[in-house]
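Note that this is a predicted model, so its numbers are computed, not measured. Quick note on labels: first sequence line is chain A, next is B, and so on, each numbered from 1. Only this structure's heavy atoms are used, side chains among them; waters, hydrogens and symmetry mates stay out.
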There are 2 protein chains.
Amino acid sequence: MSRTLVIAAGQLGPVARKEKRSSVVSRMTSLMETAADRNADLVVFPELALTTFFPRWYMEDQAEIDAFFETEMPSEETLPLFDAARRLGLAFSFGFAEKTVDDNGETRRFNTSLLVAPDGAILLKYRKIHLPGHRENETWRPFQHLEKRYFETGDLGFPVAEALGGRVGMCICNDRRWPETFRMLGLQKAELVLLGYNTPVHYPPAPEHDHLQDFHNHLSMQAGAYQNGTWVVGVAKAGCEEGCDLIGGTCIIAPTGEIVARCSTLGDELITAVCNLDRCREIQDNIFDFAQHRQPRHYGLLVT
Amino acid sequence: MSRTLVIAAGQLGPVARKEKRSSVVSRMTSLMETAADRNADLVVFPELALTTFFPRWYMEDQAEIDAFFETEMPSEETLPLFDAARRLGLAFSFGFAEKTVDDNGETRRFNTSLLVAPDGAILLKYRKIHLPGHRENETWRPFQHLEKRYFETGDLGFPVAEALGGRVGMCICNDRRWPETFRMLGLQKAELVLLGYNTPVHYPPAPEHDHLQDFHNHLSMQAGAYQNGTWVVGVAKAGCEEGCDLIGGTCIIAPTGEIVARCSTLGDELITAVCNLDRCREIQDNIFDFAQHRQPRHYGLLVT
């Protein structure tokens with residue numbers, strides 16, 4: 001398989017609370033059509049792409065919460081994504097709320113992303129580890145961020161798969177702020193990291209930083225790319241969603257840390273870049289040659 | 001002690017191979033005078049401040065190498081720095097090549113930095129852990145980078161001291177590119193990280209990145225500041241030194257990752273910023289509240 005991919009980032013504008021999955025899926029397949037027109041090999045969609053960002057509401061009725069979760073993938077409503085991928089010869093990744101039953105019969109809920117091959121095969125699955133926000137209803141906030149309540153911490157580690165001609169990892173939203181995330185993927189020689197996010201402009205605990213949200217988003221992803229010599233595709237759900245402004249800034253970042261493509265709207269928008277995975281070597285074999293230069297025996301605190 | 005410090009970064013222009021320590025010390029004390037005029041509490045100087053960046057030359061004669069090392073601190077030649085600090089009421093930090101004899105009578109050589117109180121007390125000592133470059137003479141290079149030959153890996157870990165009214169850590173040059181460095185300091189609740197660097201514009205193993213040196217310098221330091229909620233003072237030895245161009249870009253970075261002061265020359269230059277250490281809380285108590293949000297049980301690879 002070629003080591004040079006055309007990668008598309010499919011930013012989504014806001015998804016209303018009442019918007020049906022079929023409508024969102026239709027918006028996503030429309031972006032997939034555009035990606036295919038540009039000869040893309042892969043389209044990356046945001047975190048929790050199929051619904052509104054529901055952790056902004058405190059809900060007590062588990063049935064109401066569960067309505068935002070998927071219990072099968074593909075489902076009848078999401079099958080058109082898989083069909084489009086097959087028809088267009090495109091891989092795609094996207095995030096969704098996953099409700100599953102484990103081997104012990106326990107119901108588990110995760111903030112999950114999948115990488116799917118054109119033929120529908122699941123190439124990689126990731127469950128979000130760095131859940132932000134809080135567990136209880138904090139009524140002083142203009143909106144909630146209840147990921148710690150509605151999801152449990154991912155239990156799959158930070159997997160990296162041989163896929164699409166290279167080594168691919170994923171992370172989700174708040175994971176990208178943590179250098180540990182990118183390093184865990186980098187130590188497994190990831191060459192491409194796919195991630196989606198829903199990031200409010202307003203951060204209630206420290207609103208004095210609201211004007212820095214775009215800067216912090218790019219700073220974290222660019223540093224993660226450079227310090228691990230990996231391509232990064234970061235994709236937003238953007239715009240004013242149910243009265244909550246979400247940042248955009250969807251971008252594709254080279255292993256040098258340079259942003260090589262970037263959205264310029266807060267709506268549904270597709271960008272592409274030609275990504276040569278061999279360029280990772282420029283960084284991984286030199287300044288960040290881990291075997292030569294890391295000093296893990298001095299890093300003990302990192303795992304305590 | 002006040003939690004709001006006026007911090008000065010004392011960038012140095014090139015130091016010639018033949019330039020005497022007394023001359024460099026005079027340039028440094030001149031910057032200290034300027035800092036005192038601006039009511040600074042602390043001046044931060046670069047890595048290996050007292051001499052030219054000698055690892056660019058392959059030398060076989062240990063006496064020739066040792067001529068770049070300090071065997072006592074202060075020495076007769078460096079005492080004027082300590083005298084100036086006392087007279088001006090200024091703390092200062094600087095880097096130097098340290099040759100010492102350990103408890104077993106073995107000679108040891110480190111790339112070291114010190115933080116010195118106005119009264120001459122050593123507040124903090126650090127020995128560089130991430131030594132870049134190579135061990136053997138690589139004649140294909142236009143200049144060498146023999147830190148791995150001339151120094152051994154630092155043996156003091158990443159210490160953080162209660163000093164100057166806050167918690168202070170240090171690192172040196174290539175350390176700043178490694179998120180592990182800042183995280184080791186951040187986990188000890190550092191509020192101020194002092195660092196100096198000698199960074200050639202030309203990187204022989206990957207010259208296609210030469211134009212990105214300033215970007216990578218700031219990207220690494222800004223990410224380290226933001227992701228740990230600490231002030232960072234990064235200070236260059238800059239300019240064309242013995243035919244080798246060194247980047248400048250000396251800057252003071254807020255815990256938000258914002259550059260709040262920056263040099264605009266490649267010569268001796270002093271910049272200052274008012275640094276309120278309490279601002280670290282905005283980050284350390286919120287988005288990067290480690291106790292709330294880190295997931296160290298998922299970070300096993302980081303120490304292997």
Side-chain angles (χ1 to χ4, degrees), chain A residues 129-134 148 153-158 174-175 177-188 203-206 208-209 212 215-216 219-220 222-228 256-258 279 281-283 285-289 292-304, chain B residues 129-134 148 153-158 174-175 177-188 203-206 208-209 212 215-216 219-220 222-228 256-258 279 281-283 285-289 292-304:
Chain A
I129 285 179
H130 295 96
L131 296 169
H134 49 103
K148 285 189 195 291
T153 302
D155 61 352
L156 301 176
F158 294 96
N174 182 49
D175 283 321
R177 301 187 193 271
W178 298 82
E180 291 89 346
T181 300
F182 286 104
R183 187 62 99 224
M184 288 297 294
L185 297 170
L187 286 166
Q188 298 171 77
Y203 179 63
E208 63 272 32
H209 299 167
L212 300 174
F215 166 57
H216 288 158
L219 177 63
S220 298
Q222 291 180 273
Y226 166 58
Q227 291 173 331
N228 296 281
T256 54
E258 295 168 282
R279 290 207 60 196
R281 302 262 68 78
E282 297 170 16
I283 299 285
D285 290 350
N286 292 300
I287 192 91
F288 290 111
D289 179 336
Q292 279 287 318
H293 301 306
R294 284 185 91 239
Q295 296 288 342
R297 73 197 167 93
H298 292 286
Y299 302 154
L301 275 184
L302 300 184
V303 291
T304 61
Chain B
I129 285 180
H130 295 95
L131 296 169
H134 49 103
K148 286 191 195 289
T153 302
D155 61 352
L156 302 175
F158 295 97
N174 182 50
D175 283 322
R177 300 187 194 269
W178 297 82
E180 291 89 345
T181 300
F182 286 104
R183 188 62 99 224
M184 287 297 295
L185 298 170
L187 286 166
Q188 298 170 79
Y203 179 62
E208 64 271 32
H209 300 167
L212 301 173
F215 166 57
H216 288 159
L219 178 63
S220 299
Q222 291 179 276
Y226 166 58
Q227 292 173 329
N228 295 280
T256 54
E258 294 167 284
R279 290 209 57 198
R281 301 263 68 78
E282 295 169 18
I283 299 285
D285 291 349
N286 291 299
I287 191 91
F288 290 111
D289 179 336
Q292 280 286 318
H293 301 306
R294 283 185 92 239
Q295 295 288 343
R297 74 197 166 92
H298 292 286
Y299 302 155
L301 276 184
L302 300 184
V303 291
T304 61

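Between A:Leu301 and B:Arg294, the closest heavy-atom pair is O-NH1, 4.4 Å. Nearest approach of A:Phe215 to B:Gly257, heavy atoms of both residues: CZ-O, 3.4 Å.
Using modelled atom types, no side-chain atom of B:Gln227 and backbone atom of A:Trp178 make a donor-acceptor pair closer than 3.5 Å. Put simply, the side chain of A:His216 gets close to the backbone of B:Thr256: a donor and an acceptor are under 3.5 Å apart.
The candidate from A:Phe158, A:Phe182, A:Phe288 with the greatest count of non-hydrogen atom pairs under 4.5 Å with chain B is A:Phe288. In terms of heavy-atom pairs under 4.5 Å with chain B, the best-connected choice from A:Gly186, A:Ala223, A:Gly133 is A:Ala223. Annotation: maximal heavy-atom pairing with chain B below 4.5 Å, among A:Gly157, A:Pro179, A:Gly154, occurs at A:Pro179. For the options A:Leu212, A:Leu187, A:Asn286, A:Leu302, heavy-atom pairs under 4.5 Å to chain B are most numerous at A:Leu302. Note: A:Glu180 leads A:Glu180, A:His134, A:Met184, A:Gln222 in heavy-atom pairs under 4.5 Å with chain B. Highest contact tally toward chain B, considering only A:Gln188, A:His298, A:Gln292, is held by A:His298 [criterion: heavy-atom pairs under 4.5 Å].
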>> Working note: A:Glu282 + B:Glu208, criterion side-chain contact (heavy atoms from CB on, under 4.5 Å); need CA distance, chi angles, decisive distance, verdict.
In response: CA-CA 9 Å; A:Glu282 297 170 16; B:Glu208 64 271 32; 3.4 Å; yes

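Here the side chains of A:His209 and B:Ile287 are not in contact, with every heavy-atom distance at 4.5 Å or above. Using a 4.5 Å heavy-atom cutoff, the side chains of A:His130 and B:His293 are not in contact.
No hydrogens or angles considered: nothing links the side chains of B:Arg183 and A:Tyr299 as a donor-acceptor pair under 3.5 Å.
With a 4.5 Å cut-off on non-hydrogen atoms, B:Arg279 touches chain A through its side chain but not through its backbone. The contact between A:Thr304 and chain B is made entirely by backbone atoms, counting heavy-atom distances below 4.5 Å.
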